[in-house]
Amino acid sequence: MRHKSRKRIYVAYTGGTIGMKQTQKGYAPEKGFLEEQLRALSLFARPELPEVTIHEYEPLLDSANMTPHEWVKIARDIEAHYDDYDGFIILHGTDTMAYTASALSFMLENLSKSVILTGAQLPLMELRSDGRENLIGALFLAANFQIPEVGLYFHGKLLRGNRAVKVSASGFSAFESPNYPPLATAGVSIRLNWKNILPKPKNKFKVKSLEQVRIGVMTLFPGISPEVVKNFLRAPIEGLVLKTFGVGNAPDNPDLIEVFREATQRGVYIVNVSQCLEGRVDMQSYVGGYRLKEAGVLSGYDMTTEATLAKLFYLLGNSSLTSQRIRRQIEQNLRGELTR
């Protein structure tokens with residue numbers, strides 16, 4: 001019989017390093033291996049931890065193979081089990097974890113339960129794996145605190161999912177939130193920063209699916225050719241995340257600016273985000289940024305590339321939105337993803 005005080009947490013294992021095993025060709029996922037490792041560790045027998053249901057996806061994916069189709073699959077999985085569990089953990093590969101966290105933050109509308117993504121830099125089977133602490137921390141937070149957000153927990157910090165970026169390919173402190181403080185920190189004690197957490201919504205939870213839209217990401221560099229940009233922006237592209245210099249600057253090249261103007265006038269949504277990890281776009285500070293604004297480029301303020309991409313998928317895939325409303329909402333704070 002289940003102890004009345006123990007919460008129920010749904011764990012969706014999508015793939016990723018945390019559940020991989022060593023093979024002759026390197027680490028690879030194997031059906032049933034993650035749960036086997038967890039049971040061997042007896043992690044879930046501890047009374048401090050919640051009751052856990054593990055659902056292993058088929059097929060298990062390296063996160064480099066994640067697409068918007070998988071984002072929808074995860075969102076629908078949460079929707080199907082939303083009323084039966086107190087919180088949700090998504091075990092995911094680290095390479096594209098911030099993209100998935102950002103996408104889910106938009107798709108899971110009126111979220112009132114914790115959804116936390118986590119994983120590992122070393123598989124659970126390894127002696128020095130960071131996966132145990134990451135999973136235990138995520139489970140403890142999801143079971144003991146009702147945080148109505150999509151979060152990303154790694155190395156003792158719970159970050160807002162759409163503010164997180166991967167900053168290290170090999171270190172255990174793999175994720176940071178450059179422009180927003182952590183939602184929680186876990187040391188000897190766990191500290192929740194409630195003032196930084198979104199309020200619990202009043203409306204009923206629902207999932208907004210993503211439709212197929214054609215979006216690109218382009219990084220500006222010194223001497224970039226207007227012809228290269230023009231070719232990139234040819235139909236059928238619908239949206240572009242434009243990674244600019246500093247506070248949102250681009251070369252003050254009339255031919256280049258005209259390429260952007262032509263694209264926005266035919267309905268392409270171009271969003272200006274900084275190549276810098278910290279700081280925000282301000283297209284009023286320099287001529288290079290102001291020219292982009294004149295050409296119809298929108299400000300991404302302090303959004304991450306991952307959040308901007310996910311937001312474009314979310315907005316452009318909503319057929320009920322007018323072009324004017326899409327442009328307005330791109331620059332609005334919808335899920336805590338930007339600061340104006």
Side-chain angles (χ1 to χ4, degrees), residues 67-69 71-72 98-107 109 162-163 165 179 208-220 224 226-245 247-251 253 255-276 280-284 288-340:
T67 70
H69 174 78
W71 299 343
V72 173
Y99 287 95
T100 301
S102 293
L104 290 175
S105 76
F106 293 107
M107 297 170 67
E109 298 183 347
N162 57 36
R163 292 284 193 156
V165 293
N179 290 310
K208 174 66 176 71
S209 192
L210 298 179
E211 305 301 326
Q212 182 63 43
V213 291
R214 296 171 180 86
I215 298 169
V217 178
M218 171 174 279
T219 301
L220 293 183
I224 189 169
E227 280 301 312
V228 169
V229 179
K230 186 174 183 177
N231 284 328
F232 195 92
L233 284 169
R234 289 186 188 278
I237 196 166
E238 299 169 71
L240 177 71
V241 182
L242 181 65
K243 301 181 69 172
T244 59
F245 308 128
V247 293
N249 298 319
N253 178 334
D255 292 336
L256 180 63
I257 299 301
E258 186 58 29
V259 168
F260 291 128
R261 188 189 318 278
E262 289 174 357
T264 61
Q265 286 179 346
R266 68 171 188 271
V268 180
Y269 301 92
I270 303 177
V271 188
N272 184 354
V273 299
S274 177
Q275 294 176 26
C276 304
R280 66 202 296 274
V281 164
D282 178 3
M283 291 193 285
Q284 303 280 105
Y290 193 80
R291 295 284 185 244
L292 288 177
K293 183 175 180 175
E294 286 184 320
V297 174
L298 301 163
S299 177
Y301 295 93
D302 57 353
M303 281 194 292
T304 65
T305 298
E306 295 89 339
T308 309
L309 188 77
K311 191 172 185 178
L312 284 174
F313 270 110
Y314 173 73
L315 292 175
L316 271 59
N318 189 340
S319 59
S320 68
L321 296 179
T322 64
S323 175
Q324 185 178 15
R325 190 172 178 190
I326 289 172
R327 290 181 62 87
R328 187 166 62 247
Q329 290 199 352
I330 284 172
E331 295 189 326
Q332 286 178 343
N333 179 28
L334 303 181
R335 302 285 193 276
E337 74 279 4
L338 64 79
T339 308
R340 291 195 63 163

Distance check, rounded to the nearest 0.5 Å: Leu334 atom CG versus Glu109 atom CD? 9.5 Å
Any chance you could measure Arg261, atom CZ, to Arg291, atom CZ, to the nearest 0.5 Å? 9.0 Å
Do you know which two heavy atoms are closest between Val213 and Phe313, and how far apart they sit? CG2-CD2, 3.3 Å
Determine whether a donor-acceptor pair (N or O, by modelled atom type, separation under 3.5 Å) exists between the side chain of Thr244 and the backbone of Asn272. no
With a 3.5 Å distance limit and no angle check, can you tell me whether Glu238 reaches the backbone of Arg214 through a side-chain donor-acceptor pair? yes
Which atom names give the shortest non-hydrogen contact between Val217 and Phe232, and what distance separates them? O-CZ, 3.6 Å
So, Arg163 and Ser105: side-chain donor and acceptor under 3.5 Å apart, yes or no? no
Can you tell me if CZ on Phe245 sees more than 12 non-hydrogen neighbours from other groups inside 6.0 Å? yes
Donor-acceptor under 3.5 Å (Asn162 side chain, Ala307 main chain): no
Do side-chain atoms of Arg327 reach the backbone of Leu298 as a donor and acceptor pair under 3.5 angstrom? no
Minimum heavy-atom separation for Leu292 and Gly248, please, with both atom names. CD1-O, 3.6 Å
What's the shortest heavy-atom distance between Pro251 and Leu256, and which atoms? CD-CD2, 3.9 Å
Can you confirm whether Tyr301 sits close enough to Asn333 that some side-chain heavy atom of one is under 4.5 Å from a side-chain heavy atom of the other? no
Given the rule in the side chain to side chain contact (heavy atoms under 4.5 Å, CB included) test, do Arg266 and Leu233 qualify, once you have shown the distances and angles that lead to the verdict? CA-CA 11 Å; Arg266 68 171 188 271; Leu233 284 169; 4.0 Å; yes
Is there side-chain contact between Lys293 and Val281, with heavy atoms separated by less than 4.5 Å? no
For the backbone of Phe106 and the side chain of Lys208, can you confirm whether one donor and one acceptor N or O come within less than 3.5 Å of each other? no
For Gln329, does its backbone N or O pair with a side-chain atom of Lys311 as donor and acceptor, under 3.5 Å? yes
Between Gln324 and Thr322, is there a donor-acceptor pair closer than 3.5 Å when you use the side chain of the first and the backbone of the second? no
Does Gln275 use its side chain to pair, donor to acceptor, with the backbone of Leu220 at less than 3.5 Å? yes
From OH (Tyr269) to CG (Leu312), nearest 0.5 Å: 10.0 Å
Under 3.5 Å donor-acceptor, Glu331 side chain and Ser299 backbone: yes
Spacing of CG belonging to Asn179 relative to CE belonging to Met303, to within rounding of 0.5 Å: 11.5 Å
What distance do Glu211 atom CD and Leu316 atom CG have between them, rounded to the nearest 0.5 Å? 11.5 Å
Here the pair of heavy atoms bringing Thr219 nearest to Ile224 is O-CD1, 4.1 Å
Does the Asn253 side chain pair with the main chain of Ile257, one donor and one acceptor, at a distance under 3.5 Å? no
Say you draw a straight line from CG of Leu321 to OH of Tyr314; how long is it, rounded to the nearest 0.5 Å? 8.0 Å
